[in-house]
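Structure, as structure tokens:
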Amino acid sequence: MSDKHLGTDSYKGVRDFYPEDMAVQRYIFDTWSITAESFGYERYDASILEPSELYKAKGAENEEMVNEQTYTFIDRGEREVTLRPEMTPTVARMVAGKRRELSFPIRWYSIPNLFRYERPQRGRLREHYQLNCDIFGADHYTADVETIALAYQLLIDFGAKPEMFEIRVNNRLEMRRCYEEAGVSDSETQNRITRLNDRFHKISAEQYKVALNEIVANEVITERIYTVVSGSIPEDTNEVVEGVRTLGIKNVIIDRSIARGFNYYTGTIFEIFDVSGENKRSMLGGGRYDNLTAMFSDEPVMGIGFGMGDVTMRDFLETHNLLPEGLSSTGPEVMVIPFDAECNLPAQKLASELRRATTARIATDISTKKIGKKIGDASERNVRFVIVVGENELTSQSFTIKDLRSGEETPGALGIIEGVINTR
RNA sequence: GCGGCUAUAGUUUAGUGGUAAAACUCCGGUUUGUGGAGCCGGUAUCGAGAGUUCGAUUCUCUCUAGCCGCCCCA
């Protein structure tokens with residue numbers, strides 16, 4: 001590019017939100033909030049900065065992830081700091097810090113922006129926003145049911161039809177039991193199988209079996225595990241799935257290949273997929289983590305929750321044409337147009353009087369364009385009303401408000417004008 | 001970290017071994033008290049660097065950036 005100027009592109013993998021993008025973003029966030037709150041979830045937030053230890057605490061595997069896939073730096077006080085890559089450790093920290101004063105179970109949600117240092121691709125950027133909903137302090141399986149029901153409702157409230165998506169549920173404990181019954185008791189081997197299962201739908205059955213046999217080195221075991229993971233047992237279900245169905249949600253299935261990474265989940269895990277096939281990545285995922293707060297205290301608090309990202313949400317809404325037309329702009333509804341620059345201040349004064357008497361968004365056109373141009377601009381920006389303020393109007397204190405939608409003009413004193421705006 | 005594709009005006013795209021076209025947008029004018037039109041005009045060292053060539057935006061190489069996949073996925 002030019003030697004003289006900086007580029008205007010945003011930093012790699014992050015987005016600028018111009019007003020039209022912001023309208024979409026706001027719609028998504030508002031819908032998330034309304035639905036989460038309708039289930040009684042309370043909103044919380046925290047800083048994007050956390051000490052790096054928070055993410056490294058559970059061994060070398062995590063340490064590697066922090067070093068390679070997060071934004072981590074040393075601050076001026078020589079502390080190692082990380083831009084949060086996920087919200088769960090933060091909320092676990094917050095809950096653990098107040099565990100004696102909170103009355104469990106609690107339902108909390110947040111819409112944090114999260115950072116990860118990796119190569120951007122479809123549905124995955126370096127910064128994204130993610131709705132996080134969690135229940136803490138409820139060990140009964142119905143907490144899992146409610147969590148999945150909330151995830152379901154979130155999509156429904158965007159106008160999604162149940163046949164557009166599928167909820168796939170698995171359970172860490174049940175998988176461990178499956179491995180043990182098949183004859184695999186070593187936990188490292190179990191983890192390797194879990195990791196392989198995560199790719200089950202990306203590879204062929206043959207490839208899967210070959211890879212599995214390389215791990216367990218036993219064809220009988222391979223066959224047993226394959227039977228379970230491939231879903232060849234039609235009656236395979238569990239109480240969470242049955243509970244969700246009891247609530248009237250039908251697009252839920254057991255999928256033994258669901259793996260959810262391999263970190264802190266201890267029980268139910270689930271993901272929701274777009275069935276259109278266009279977005280192969282899961283749109284939403286979560287699960288139960290019964291000892292995440294253990295790193296802060298000997299009194300662990302169990303939790304279950306999920307996260308859903310704004311990038312995948314937006315992809316889903318666009319794919320299924322679910323974004324509403326004409327999302328509300330925050331631009332002015334009323335434009336007060338001074339006849340010339342001499343009238344700018346009186347026009348601004350009129351605007352502030354109107355603001356006092358109405359709830360409309362009112363701006364004054366302080367450009368130096370000609371009167372016709374100013375009206376044209378207002379019209380183009382979807383302004384509903386214009387009021388021209390010139391010497392005549394100021395002398396007579398009688399104005400004319402014009403409805404650009406209907407072309408109708410209403411003359412009158414301040415009170416009349418306010419009336420027109422208030423009945424918009 | 002690995003692989004594939006792409007790079008021309010603000011945007012979306014044409015096009016050519018002899019320094020480039022269109023549409024839309026934007027800005028200005030056309031009209032010195034009232035809107036979306038029309039007309040006229042303006043805006044590009046063709047991503048950067050090097051090479052081949054009389055001559056490169058076009059061909060070759062390198063780099064950079066973006067997109068898409070893999071790995072990984074909190």
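In this text the structure is predicted, and so the values were computed from the model without any measurement. The sequence lines fix the lettering, A, B, ..., with proteins before strands; numbering per chain opens at 1. Basis for what follows: all heavy atoms, side chains included, without hydrogens, waters or symmetry-related copies.
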### Distance, C1' atom - from B:A20 to B:G66, rounded to whole angstrom
24 Å
### Query
Which part of the nucleic acid does A:T70 contact within heavy-atom distance under 4.0 Å: base, sugar-phosphate only, or nothing?
base
### Any strand: nucleotide that pairs with B:C70 via Watson-Crick or wobble, under 3.5 Å
B:G1
### Task
Remember a base hit wins even if backbone is also touched, and classify A:Q130 as base, sugar-phosphate or nothing at under 4.0 Å, heavy atoms.
nothing
### Query
So which one's nearest nucleotide on RNA chain B is more toward 5', A:G13 or A:R116?
A:G13
### Query
Ion pair present between A:E86 and A:R116, side-chain N to carboxylate O less than 4.0 angstrom?
no
### Under-4.0 Å salt bridge between A:R99 and A:E299
yes
### Query
What is the pairing partner of B:U11, taking Watson-Crick or G-U wobble pairs with both distances under 3.5 Å in any strand?
B:A23
### Query
Considering only the P atoms, how many Å lie between B:G17 and B:G42, rounded to the nearest integer?
28 Å
### Query
For A:K202 and B:C70, is the shortest distance between a side-chain N/O and OP1 or OP2 below 4.0 Å?
yes
### Query
Are OP1 or OP2 of B:C71 and a side-chain N or O of A:R199 less than 4.0 angstrom apart?
yes
### Message
Under the side chain to side chain contact (heavy atoms under 4.5 Å, CB included) test against A:T82, which residue among A:I48, A:T72, A:L49 passes?
### Response
A:T72
### Message
Using atom P in both nucleotides, what's the gap between B:A37 and B:C24 to the nearest angstrom?
### Response
11 Å
### Query
Is A:R84 salt-bridged to A:E50, cutoff N-O under 4.0 Å?
no
#### Entry: OP1 or OP2 of B:A74 under 4.0 Å from side-chain N/O of A:R260
yes
### Message
Counting only Watson-Crick pairs (N1-N3 plus N6-O4 or O6-N4) and G-U wobbles (N1-O2, O6-N3), all under 3.5 Å, who is the partner of B:G38?
### Response
B:U30
### Query
What do you reckon, are the aromatic ring centroids of A:F158 and A:Y27 less than 6.0 Å apart?
yes
### Message
Using a heavy-atom cut-off of 4.0 Å across all strands, would you classify A:Q121 as base, sugar-phosphate, or nothing?
### Response
base
### Message
Considering every strand and a 4.0 Å limit on heavy-atom distances, what is the contact class for A:G307: base, sugar-phosphate, or nothing?
### Response
nothing
### Query
Can you find a donor-acceptor pair, distance only, under 3.5 Å between A:E393 side chain and B:G33 base?
yes
### Query
Whom does B:A44 pair with, Watson-Crick or G-U wobble, provided both distances fall under 3.5 Å?
none
### Query
So, is A:K12 close to the B:G66 phosphate, meaning a side-chain N or O under 4.0 Å from OP1 or OP2?
yes
#### Entry: Among B:C72, B:C67, B:U34, the one nearest A:Q69 by side-chain distance
B:C72
### Query
In terms of heavy-atom contacts, does CZ of A:F29 have more than 12 from other residues, nucleotides or ligands at under 6.0 Å?
yes
### Who pairs with B:U16 - Watson-Crick or G-U, where each distance is under 3.5 Å
none
### Query
So what's B:G49 paired with, Watson-Crick or G-U wobble, going by both distances under 3.5 Å?
B:C61
### Query
Distance between the P atoms of B:A22 and B:A44, in whole angstroms?
14 Å
### Message
Looking at A:D9 and B:G66, is any side-chain donor or acceptor paired with a base atom of the opposite kind under 3.5 Å?
### Response
no
### Message
Quick check: on RNA chain B, is the nucleotide nearest A:F339 upstream (toward 5') of the one nearest A:R119, or the reverse? Name the residue that is more 5'.
### Response
A:R119
### Task
Can you tell me, in whole Å, how much space there is between the C1' of B:C5 and that of B:C39?
43 Å
### Query
Reckon A:E409 touches a base, only the sugar-phosphate, or nothing at all at heavy-atom distances under 4.0 Å?
nothing
### Task
Scan A:R84 against the nucleic acid and name what it touches under 4.0 Å (heavy atoms): base, sugar-phosphate only, or nothing.
nothing
### Query
Within less than 4.0 Å of OP1 or OP2 of B:G36, is there a side-chain N or O belonging to A:K373?
no
#### Entry: Aromatic ring proximity, centroids under 6.0 angstrom, A:F273 and A:F165
no
